[in-house]
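Here is the structure we will look at.
Note that ligands are numbered from 1 as they come in the structure, with each ligand's atoms numbered from 1 the same way.
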Amino acid sequence: MRKWYKYALDQNMRGERFIGTDEQYSECALAMGGYNPDEAYGSKADFFNKYFFGYHLGRLQCYDNFIRGHLSKTDNTISIASGRGAAELFLLEDGYRITCSDLDITEMLYQETLKLFPQFKFHKLNILQSPTPAPYDALLCLSLIYLFDDVKLSACFDNISRSLSPGGRLILDSAGSPDNFLSYLIHECLLKWETAYLLRAKRLLATSRLDGVVTQHHGYRRTDDEIVQHARQAGLKLLDRQDYAFLTDFKRSFFLNKLIAASKVSETALNYLGKHIPYIRMFCFEKVG
Ligand SMILES: C[S@@+](CC[C@H](N)C(=O)[O-])C[C@H]1O[C@@H](n2cnc3c(N)ncnc32)[C@H](O)[C@@H]1O
């Protein structure tokens, strides 16, 4: 496991500042650009066009591809940490039986979601504190576990396992690329130096102002084995896994993004190299014993 940092410039400060991982619902919501309902809640088509198709470089479409191969429409399913719930609502529209849950939901988001999707169901659930009140056939956990250190991850898997009926399935997203040398080079070297020097110098030339650099401890990066071992300790056996999103980490870089846009050859080469750092690794586990 390796700590995962993100770097950004802040024009309202000088020097350097450090912030910790998001823990509260409001902090997590802010990191996702806010969970407020907006003009996209005018119609289902607008909602999915904004929050599903192409959202975060197609992140939710990768989830959807894997989930459909591992979930049946008859499965009584809960999604934890569902946030705005676009991936879940897309499946719900197609006849899947999914209840959403998260640390919280604002009354406004709940009402606007319900207006658009009358079958929307939501429960408050902190997966670090308790399992679901009744067991489910399947549980979705998308873009969550990067927030947890090893102690919290064990608690999360224990409560997930206790939320499943025997033979029930957990469909999990790694929530970030694996901890390996390439992801280290990108995140701890390239992105860090790009922000602290290249982008800062660019801004300085444009505005004659030296912006501050904010380092956020975004979360944790883990290998497949580390994730599978944590799950196994909670009685969850690996059934299947698949990788997606090979360019996502490269596209975080100003320089590599330009390279990808400039030539098909570099895009193809990076896509090939990116097989070592899939941003999305989907796992399907079965509850045993
Ligand atoms: C990165 S967002 C992911 C939202 C959504 N699943 C998606 O893929 O777009 C992480 C979500 O995890 C939720 N969360 C954080 N800690 C949690 C916990 N202990 N139990 C349940 N949800 C949690 C946050 O409120 C936030 O909505």
Quick one: look at [X] and ligand 1, take heavy-atom pairs under 4.0 Å, and tell me if it's side chain, backbone, both or neither.
X    : result
L125 : backbone
S82  : backbone
Y146 : side chain
M32  : side chain

With a cut-off of 4.0 Å, which atoms of ligand 1 are near a heavy atom of [X]?
X    : value
C28  : 15 (C), 24 (C), 25 (O), 26 (C)
L147 : 15 (C)
G83  : 27 (O)

Is there any N or O on [X] that sits under 3.5 Å from an N or O of ligand 1?
X    : answer
F148 : no
I127 : yes
Y25  : no
Y35  : yes

Write out the residue and atom name of the closest protein heavy atom to [atom], then the distance separating them to 0.1 Å.
atom                    : answer
atom 10 (C) of ligand 1 : S143 O, 3.5 Å
atom 6 (N) of ligand 1  : A81 O, 2.7 Å
atom 16 (N) of ligand 1 : L103 CD1, 3.7 Å
atom 19 (N) of ligand 1 : N126 OD1, 2.8 Å

Query raised in the report: For ligand 1, is there an atom lying under 4.0 Å from some heavy atom of L144?
Result: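 Heavy atoms of L144 do come under 4.0 Å of ligand 1.
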
Query - Residues D149 and K152 bridged, charged N to O under 4.0 Å - result: no

Query - Salt-bridge contact D224-R241 (side-chain N to carboxylate O under 4.0 Å) - result: yes

Just wondering, do [Y] and [X] contact through their side chains at under 4.5 Å, heavy atoms?
X    : Y    : result
F90  : D64  : yes
K237 : F285 : no
M282 : Y244 : yes

Distance only, no hydrogens: is a donor on one side chain within 3.5 Å (strictly under) of an acceptor on the other, for [X] and [Y]?
X   : Y    : value
E88 : S79  : yes
Y41 : Q111 : no
Y63 : R59  : yes

Query raised in the report: Which word best sums up how the rings of Y25 and Y35 line up, parallel for under 30°, tilted for 30 to 60°, or perpendicular for over 60°?
Result: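 Answer is tilted, since the angle falls between 30° and 60°.
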
**Report entry** Closest non-hydrogen atom pair, R222 against R281
**Finding:**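 R222 and R281 have their closest heavy atoms at O-NH2, 2.9 Å.
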
Requested in this report: Please work out which of D22, D102, I145 has its closest non-hydrogen atom nearest to atom 27 (O) of ligand 1.
Outcome: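 Of the listed residues, D102 has the closest heavy atom.
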
Query raised in the report: Of R59, K124, R84, which has the heavy atom at the shortest distance from atom 7 (C) of ligand 1?
Result: R59

Report task. Please report the C-alpha distance between E267 and Y272 in whole Å, then the side-chain angles of each, then the deciding distance to 0.1 Å, and finally whether the side chain to side chain donor-acceptor pair (under 3.5 Å) criterion is met. Result -> CA-CA 9 Å; E267 178 174 348; Y272 185 75; over 6 Å; no

